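Chain identifiers are assigned alphabetically (A, B, ...) following the order of the sequence lines, protein sequences preceding nucleic acid strands; residue numbering begins at 1 within each chain. All of these numbers come straight from a predicted model, not from anything done at the bench.
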Amino acid sequence: MSNVAVVAPAGQAVRVEGIPVGTTVLVNGQQVSAAQDGAYPVPRGQASTLQVRRGNAILFQAQVPALEGNQVHNVRYVESARYEPGTADFVRNQAAKGKLAMSLFGIGSVVGLAAALAKLSRRG
Amino acid sequence: MSMVRLVPAAAGVESDGGFEQMFDRMLKGFGFRNDPLTGPSRGVQHDAADYAAYIGSSLAGIAVGFVSVYELGKLVQDMLRDR
């Protein structure tokens, strides 16, 4: 008698290559666990958002297209940390960017000032 | 008998560690380098819109600096010429 094991199809999933240890994976905002093959399940027939987080920090985000049946979508992890709006890190990030923009404005105005003085001296 | 104790002024000379530290502090003050005391934990994250804003900010600074100084200079020169 042969043993036939019926394995239920794994369903549509996304596999993340290079995902670091100690991170959590969220699909459409819900934390999911990896299946035995290391792929994360995604809803059938609809596009999904995949996030890799460590604590509050979003390390990586990707869009997963709508998948059917046993399709598996492969995504390569590339760390591009984003700060979640409302966190202290996000506020500090915005403040730092504002500071840089104002500094560039000031440096630009000094350059403009020098150009204006040069033109005025030629004007006599 | 009251005791009055004179304490010499604790004049301290801050050692800034040389030119490199000063330059590093200046860059942090301007925002060109992440300041760990005030910046976010994983460094400043920029995206494409931010770079466009930085370029726009620089050009706006150049325009404002040039126009304001040039117009003021023209005014002063004309006033001196007509005096």
Side-chain angles (χ1 to χ4, degrees), chain A residues 18-24 26 49 51-63 77-124, chain B residues 14-83:
Chain A
I19 189 168
V21 175
T23 53
T24 53
L26 287 82
T49 301
Q51 282 183 350
V52 177
R53 293 191 184 197
R54 182 175 282 131
N56 271 339
I58 302 169
L59 303 179
F60 173 72
Q61 186 161 308
Q63 286 299 116
Y77 173 88
V78 176
E79 177 156 339
S80 55
R82 290 283 179 266
Y83 300 115
E84 202 165 324
T87 58
D89 268 342
F90 180 81
V91 173
R92 287 179 160 202
N93 194 52
Q94 295 297 100
K97 289 195 290 189
K99 185 165 82 167
L100 179 58
M102 294 307 294
S103 297
L104 289 170
F105 180 89
I107 292 169
S109 64
V110 169
V111 170
L113 182 150
L117 289 175
K119 190 160 183 189
L120 282 170
S121 66
R122 278 200 303 272
R123 189 172 175 258
Chain B
E14 188 182 290
S15 168
D16 60 11
F19 173 76
E20 277 182 21
Q21 259 199 12
M22 264 173 52
F23 189 65
D24 185 59
R25 274 214 312 269
M26 188 182 77
L27 289 180
K28 284 177 181 171
F30 282 137
F32 291 109
R33 208 179 264 185
N34 186 38
D35 185 356
L37 293 176
T38 58
S41 56
R42 277 185 182 74
V44 184
Q45 301 296 327
H46 311 271
D47 52 26
D50 295 327
Y51 291 118
Y54 299 148
I55 291 171
S57 190
S58 309
L59 293 175
I62 292 171
V64 166
F66 181 83
V67 169
S68 57
V69 172
Y70 185 67
E71 292 301 318
L72 188 64
K74 263 195 335 186
L75 184 68
V76 170
Q77 279 180 339
D78 292 342
M79 279 172 58
L80 291 173
R81 196 174 296 133
D82 295 340
R83 200 171 54 168

Tightest non-hydrogen contact, residues B:Lys28 and A:Lys99, listed as O-NZ, 3.1 Å
Out of curiosity, A:Met102 CE to B:Phe30 CZ, how far, rounded to the nearest 0.5 Å?
12.5 Å
For the student: nearest non-hydrogen atoms of B:Gly31 and A:Leu100, plus distance:
O-CD1, 3.6 Å
Is the shortest heavy-atom distance from the side chain of B:Lys74 to the side chain of A:Leu120 under 4.5 Å?
yes
Determine whether more than 12 heavy atoms belonging to other residues, nucleotides or ligands lie under 6.0 Å from atom CZ of B:Phe32.
yes
With chain A as the partner, which of B:Gly29, B:Ala63, B:Gly73, B:Ser41 has the greatest number of non-hydrogen pairs under 4.5 Å?
B:Ser41
Tell me, side chain or backbone of B:Val64 under 4.5 Å from chain A's heavy atoms, or both, or neither?
side chain
Look up atom CZ in A:Arg92 and atom CG in B:Leu37, then write down how far apart they are to the nearest 0.5 Å.
8.5 Å
Top of B:Gly43, B:Gly56, B:Ala53 for chain A proximity - count of heavy-atom pairs under 4.5 angstrom:
B:Gly43
Looking at A:Asn93, A:Val110, A:Thr87, A:Val91, which makes the most heavy-atom pairs under 4.5 Å with chain B?
A:Asn93
Roughly how far, to the nearest 0.5 Å, is CZ of A:Phe105 from CD1 of B:Ile62?
10.5 Å
Go through the atoms of A:Leu113 and report whether side chain, backbone, both or neither lie under 4.5 Å from a heavy atom of chain B.
both
If you count heavy-atom pairs under 4.5 Å with chain A, which of B:Ser68, B:Ala60, B:Pro40, B:Ser57 comes out on top?
B:Pro40
Are B:Ser58 and A:Leu104 side-chain neighbours, meaning at least one heavy-atom pair lies under 4.5 Å?
yes
Residue from A:Asp89, A:Ile107, A:Val111 scoring the most non-hydrogen pairs under 4.5 Å with chain B is A:Asp89
